[in-house]
Amino acid sequence: MTWSLARAGDLREELRLPAASAAADEARLLRLLEDVSAGIENWLGRSLRVVENAVTVVDGFGGRVLPIPDHAAVPAVACDLDRDGIYETSVPAADLRAVRFHTAVTGLVLLTGAPIAAWPTGEGAVQLTGTRGFGDESEPLGTLTAPLSASASTMTLPAGAGPGDTLVIDGERIYVRTSAGAVARGVRGTAAAAHPAGAAIEREVYPRALVRAALLQAARLHREGLEAYAAAGGGEFVGPVMSTTYPVVRDLLAPYRRTFAAVA
């Protein structure tokens, strides 16, 4: 996986693990956070992680309102009106009103004068192309101290970066795997590219409540010996584990849980 709501170093501090074991703990804690982050996505019914150039097919229900997965902005929209598998009818963004839940676009409303009077009905009737995710928010984190080639799998991390961070350089998303600078390049819909020294580095950021919830849930799984259970589920531990979260975790997540009313 190449996404986490929080950093492995922050989880280590939450658990108060000894500094001497930091290197040995790193990969295990990051995997746990990745699983927890995926589980939180599922429990919320949200697409939190940012994926660029994503093509998503959704069902149509007729009417003028179309619920869609989280998008950072209004995506390009095409409809398969005659159900032949070809999305031949485009709906311009100017003919749509975005419905937002927090920062994400979670619904599209047809305006008067749109090419269609109502959304088509049926499975996979509408195709969306754009940046999927809760929101495309980032913060500055310094600059590259040396050129970074398109094939490099390690880099000098800027101060404050660590495993679990996603860095953004000139549009490329780079996932940090180790504190020594091992990275996954061109993740989540972007392509690895060469970057010159001095290129600006940014870091993906998410709401503090979601980050805190991920740290608390991961810490609980670690303390109760449930790491293997979370890993075996590949983050799909929505049932028994998420149903027994601490009240504070559920309180942190509750405002972000999606219902149909959020897009209608």
Side-chain angles (χ1 to χ4, degrees), residues 1-11 26-42 44 46-57 69-73 75-76 103-105 128-196 199-207 210-211 214-215 218 230-231 233-236:
M1 188 182 293
T2 55
W3 177 70
S4 173
L5 279 168
R7 292 186 291 274
D10 292 335
L11 179 55
E26 192 171 81
R28 180 168 53 90
L29 295 181
L30 181 58
R31 174 60 192 272
L32 177 57
L33 277 171
E34 291 171 346
D35 291 329
V36 166
S37 298
I40 287 175
E41 267 195 324
N42 293 334
L44 293 176
R46 306 295 299 271
S47 300
L48 298 178
R49 72 191 81 182
V50 175
V51 180
E52 297 189 35
N53 306 305
V55 178
T56 307
V57 174
D70 295 88
H71 277 71
T103 60
V105 177
L128 313 171
T129 305
T131 301
R132 194 173 64 235
F134 177 82
D136 196 0
E137 302 292 330
S138 60
E139 63 183 6
L141 204 66
T143 59
L144 282 176
T145 57
L148 184 66
S149 71
S151 60
S153 58
T154 61
M155 63 178 288
T156 300
L157 299 178
D165 274 327
T166 297
L167 308 179
V168 185
I169 306 176
D170 295 332
E172 180 190 351
R173 296 184 191 272
I174 301 172
Y175 185 64
V176 181
R177 294 195 181 280
T178 72
S179 56
V183 293
R185 301 289 305 277
V187 301
R188 288 185 272 126
T190 66
H195 306 289
I201 303 174
E202 295 190 335
R203 172 170 58 192
E204 283 185 358
V205 294
Y206 293 89
L210 297 180
V211 175
L215 288 171
E236 303 289 339

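Predicted model only: the values in this text are computed from it and were never measured.
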If you compare all heavy atoms of [X] against all heavy atoms of [Y], which two are closest, and at what distance to 0.1 Å?
| X | Y | answer |
| --- | --- | --- |
| R177 | P163 | O-CB, 3.5 Å |
| V187 | T190 | O-OG1, 2.9 Å |
| A6 | L33 | O-CD1, 3.6 Å |
| L30 | V176 | CD2-O, 4.2 Å |
| Y175 | G164 | CE1-O, 3.7 Å |
| R203 | G160 | NH1-O, 2.8 Å |

Expected output: side-chain [X] to main-chain [Y] donor-acceptor under 3.5 Å:
| X | Y | value |
| --- | --- | --- |
| E41 | R49 | yes |
| N53 | G189 | yes |
| D165 | G162 | yes |
| T129 | A76 | no |
| R46 | F134 | no |
| E172 | G186 | yes |

I'd like to know if E204 and R173 make a salt bridge, using a cut-off of under 4.0 Å between side-chain N and carboxylate O.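 Salt bridge present between E204 and R173.
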
Report yes if some heavy atom in the side chain of D10 is under 4.5 Å from a heavy atom in the side chain of V211; otherwise report no.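 Contact flag for D10/V211 side chains = no.
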
Derivation and outcome, side-chain hydrogen bond (donor to acceptor under 3.5 Å, both in side chains), residues T103 and E137: CA-CA 10 Å; T103 60; E137 302 292 330; 5.3 Å; no

side-chain contact (heavy atoms from CB on, under 4.5 Å), paired with L141, selected from V205, I169, V168, L167: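 Exactly one pass, corresponding to L167.
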
So how far is it from L215 CG to S37 OG, rounded to the nearest 0.5 Å?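 These two atoms lie 8.5 Å from each other.
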
